[in-house]
Amino acid sequence: MKKITFYTILCLLFALQVCAQTDFKKVDISKKQTILSDISATSKKNQTLACSFIQEKTSTLVAEKAISKGLMYYKSPNSLRWEYTNPQASALIVNGNDVAVQTAKGTTTNNNRMFKELATIIMSTIDGSGLNDSKNFSSEVSENATTYKVVLTPINKRIAAIYSHITLLIDKQSKVAKSITMQEQNGDSMTINFSNHKLNQPLDTHLFNIQ
């Protein structure tokens, strides 16, 4: 009997991982629209969402990934608190048309167009509106037994100048995002994995105050 080496086991594990990552099957145009409409309709019913996240930033200039952890709070229609708890405390806050960053040094109001567009992308993936945003993105949908994978390719020049594509993994049952990967044109990427979702529970309005 041929001896099973540690290298062989590693190769088998790698093959299993590759298979797990590529078991998505692309859907046709008709089914794609049905899926996107269903996700969007379900998302719009969610008045609030709170969850934890782990963010991994990969850069072409740095060998190691930059890992951050935090909490996200969303209140319909346009309030967002993106709070980093580790390695440094800070928060991006969107309250209507107002956008600000809070750090230990204080609050900085930043209303430039690029910053607002980034905040809009984040919220549009939460409420589902970005999935049918044909003015800014083209889309492709694939699925496996438990998950939809939605790949958004920017057609808006300002967004396309920054991102080559945005990939969302969405739970089939709850219709909430499990992860978002934002691939930048310069080769950098950021993946955000969400957990501990809490839907339609009361949120303190002070979370969205900009002071």
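When a residue number appears, it is its place in the shown sequence, counting from 1.
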Can you list everything that forms a salt bridge (Lys or Arg N to Asp or Glu O under 4.0 Å) with [X]? Sequence neighbours excluded, please.
X: Lys45; value: none
X: Lys26; value: Glu140
X: Lys44; value: none

Within-4.5 Å side-chain heavy-atom neighbours: Asn156 and Pro154 = no

task = State, yes or no, whether a side-chain contact exists between Val99 and Leu92 at a heavy-atom distance under 4.5 Å.
result = yes

Can you give me the closest heavy-atom contact between [X] and [Y], atom names plus distance?
X: Gln183; Y: Gly187; answer: NE2-O, 3.4 Å
X: Gly70; Y: Thr85; answer: CA-OG1, 3.6 Å
X: Asn193; Y: Ser179; answer: OD1-CB, 3.3 Å
X: Ser174; Y: Thr42; answer: O-CG2, 4.1 Å
X: Ser68; Y: Pro87; answer: OG-CD, 3.8 Å
X: Ser142; Y: Phe24; answer: OG-CB, 3.5 Å

ask   = Do Asp98 and Asn95 have side-chain atoms, one donor and one acceptor, less than 3.5 Å apart?
value = no

task = Compute whether any side-chain donor of one residue and acceptor of the other, for Thr191 and Thr181, lie under 3.5 angstrom apart.
result = yes

If you group Ile, Leu, Val, Met, Phe, Trp and Tyr by side-chain heavy-atom gaps below 4.5 Å, do [X] and [Y] land in one group?
X: Ile162; Y: Ile159; result: yes
X: Ile35; Y: Val151; result: no
X: Ile54; Y: Met190; result: no

request  = Run through the side-chain heavy atoms of Ile, Leu, Val, Met, Phe, Trp and Tyr, join any pair under 4.5 Å, and report what else lands in Tyr73's cluster.
outcome  = Leu71, Leu203, Leu207, Phe208

Other cluster members, Ile93 - Ile/Leu/Val/Met/Phe/Trp/Tyr, side-chain contacts below 4.5 Å = Ile210

Leu36 backbone acceptor or donor facing Ser40 side chain under 3.5 Å = no

message = For Asn200, is there any backbone N or O sitting under 3.5 Å from a side-chain donor or acceptor partner on Thr48?
response = yes

Rounded distance (nearest 0.5 Å) linking atom [atom1] of [X] with atom [atom2] of [Y]:
X: Leu49; Y: Leu199; atom1: CG; atom2: CG; result: 5.5 Å
X: Leu131; Y: Lys32; atom1: CG; atom2: NZ; result: 11.0 Å
X: Tyr74; Y: Ser43; atom1: OH; atom2: OG; result: 9.0 Å
X: Leu152; Y: Ser164; atom1: CG; atom2: OG; result: 11.5 Å
X: Lys149; Y: Lys25; atom1: NZ; atom2: NZ; result: 14.5 Å
X: Asn78; Y: Asn97; atom1: CG; atom2: CG; result: 7.0 Å

Restricting to pairs with a member in [range], which pass salt bridge (charged side-chain N to carboxylate O under 4.0 Å, His left out), not counting sequence neighbours?
range: residues 47-56; result: Glu56-Lys65
range: residues 182-195; result: Lys57-Glu184
range: residues 67-87; result: Arg81-Glu83
range: residues 163-176; result: Asp38-Lys175, Glu143-Lys172

remark   = So the ring pair (Phe, Tyr, Trp, His ring centres under 6.0 Å) pairs with at least one residue in residues 169-205 (sequence neighbours excluded) are none

ask   = Quick one: ring pair (Phe, Tyr, Trp, His ring centres under 6.0 Å) pairs with a partner in residues 32-65, sequence neighbours left out?
value = Phe53-Trp82, Phe53-Tyr84

query = Given Thr153 and Ser138, is the side chain to side chain contact (heavy atoms under 4.5 Å, CB included) satisfied, shown in steps?
reply = CA-CA 5 Å; Thr153 302; Ser138 63; 3.5 Å; yes

Those residues that, when tested against Thr147, pass side chain to side chain donor-acceptor pair (under 3.5 Å) (two or more places apart) = Lys178

ask   = So Tyr148 and Leu168, side chain to side chain contact (heavy atoms under 4.5 Å, CB included) or not? Walk me through it.
value = CA-CA 8 Å; Tyr148 294 122; Leu168 295 91; over 6 Å; no

